[in-house]
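As a basis for the values below, the full set of heavy atoms in this structure was taken, side chains included, without hydrogen atoms, waters or symmetry mates. The first residue in the sequence is number 1, and the count goes up from there.
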Amino acid sequence: MKSIAELEEIRKKTLEKISLRTNADGIRVVVGMATCGIAAGARPVMNAFVEEINKRSLNNVSVSMTGCIGVCKLEPVVEVIDKDGNKTTYVKMTAEKAARVVVEHIVNGQVCLDLTIGAVEK
């Protein structure tokens with residue numbers, strides 16, 4: 001049985017994680033988590049985004065999941081939507097690519113063009 005203090009600590013950590021997933025005031029990262037995405041490895045990609053954003057204490061970035069984005073052959077698919085509503089679609093993502101997107105795109109504002117759907121579809 002856990003003490004009241006232990007339960008309060010668990011509550012605090014859980015609320016911080018939920019806040020990370022729901023903050024809609026800044027940049028939004030949306031990971032396609034339908035069966036096609038999960039089968040292609042979307043779960044480690046989403047975890048990598050959450051870990052990298054937590055590590056950098058980025059409070060204006062939210063991470064959420066959605067269903068099938070519609071290009072199953074390019075899964076895992078991730079959309080990064082800035083505060084002005086501009087959307088960048090990244091495809092064939094991995095955990096390593098997710099960390100790169102956080103550093104280059106979200107922190108430094110440089111879209112990783114080689115990872116976007118436009119680059120892959122050429």
Side-chain angles (χ1 to χ4, degrees):
M1 179 128 198
K2 302 213 181 265
S3 70
I4 296 295
E6 290 171 323
L7 292 173
E8 185 60 35
E9 186 62 30
I10 292 170
R11 178 180 178 276
K12 180 180 171 188
K13 287 181 181 177
T14 302
L15 287 174
E16 288 173 1
K17 287 182 182 177
I18 290 171
S19 174
L20 179 63
R21 289 182 174 203
T22 60
N23 182 356
D25 294 337
I27 296 173
R28 291 186 306 137
V29 176
V30 180
V31 181
M33 295 284 286
T35 53
C36 53
I38 292 170
R43 192 171 308 280
V45 170
M46 183 165 182
N47 291 340
F49 271 106
V50 170
E51 289 171 14
E52 196 67 27
I53 290 166
N54 272 336
K55 186 169 75 177
R56 297 176 181 280
S57 300
L58 301 174
N59 297 324
N60 65 337
V61 181
S62 66
V63 179
S64 62
M65 63 177 84
T66 189
C68 182
I69 294 176
V71 282
C72 301
K73 68 179 183 179
L74 301 177
E75 291 285 354
V77 177
V78 175
E79 295 175 333
V80 176
I81 304 161
D82 68 18
K83 61 184 176 191
D84 297 325
N86 300 313
K87 180 172 63 175
T88 303
T89 303
Y90 291 104
V91 297
K92 296 187 176 183
M93 292 296 289
T94 64
E96 293 77 21
K97 291 176 182 176
R100 180 178 160 209
V101 167
V102 170
V103 172
E104 293 183 22
H105 185 160
I106 295 173
V107 173
N108 294 320
Q110 302 291 322
V111 174
C112 304
L113 291 174
D114 58 313
L115 303 179
T116 62
I117 192 167
V120 172
E121 291 286 300
K122 285 183 180 179

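Around the CZ atom of R43, the shell of radius 6.0 Å holds no more than 12 heavy atoms that belong to other residues, nucleotides or ligands.
Across every non-hydrogen atom of S62 and R28, the tightest pair is OG-CG, 3.4 Å. Heavy-atom minimum distance, V77 versus L74: CG2-O, 3.6 Å. Residues A34 and G67 approach most closely at CB-C, 3.7 Å, considering heavy atoms. Nearest approach of I69 to E75, heavy atoms of both residues: N-OE2, 4.5 Å. The two residues G41 and P44 have their closest heavy-atom pair at O-CD, 3.1 Å.
Applying the under-4.5 Å side-chain rule to Ile, Leu, Val, Met, Phe, Trp and Tyr, the cluster around V103 consists of that residue alone.
Residue V50 is not grouped with residue V30 when hydrophobic side chains (ILVMFWY) are merged at heavy-atom distances under 4.5 angstrom, including chains of intermediate members. V61 and F49 end up in the same hydrophobic cluster when Ile, Leu, Val, Met, Phe, Trp and Tyr side chains are linked at under 4.5 Å.
Checking each of K97, H105, E79 against Y90 for a side chain to side chain contact (heavy atoms under 4.5 Å, CB included) leaves exactly one that passes, namely H105. Of the residues listed (V80, V107, V78), the one engaging V101 in a side chain to side chain contact (heavy atoms under 4.5 Å, CB included) is V80, and it is the only one.
Within the 4.5 Å cutoff, the side chain of V102 has heavy atoms near those of the L58 side chain. Under the 4.5 Å side-chain criterion, counting only non-hydrogen atoms from C-beta, V29 is in contact with I106. Contact check for E104 versus L115: no side-chain heavy atoms found under the 4.5 Å cut-off.
Of the inter-residue distances, the one linking K73 atom NZ with K92 atom NZ reads 8.5 Å to the nearest 0.5 angstrom. Taking CG of D84 as the reference point, atom CG of N86 lies at 5.5 Å (rounded to 0.5 Å).
Partners of E52 by salt bridge (charged side-chain N to carboxylate O under 4.0 Å, His left out), not counting sequence neighbours, listed by chain and number: K55, R56. Residues passing the side chain to side chain contact (heavy atoms under 4.5 Å, CB included) test with A42 are V31, M33, P76, sequence neighbours excluded.
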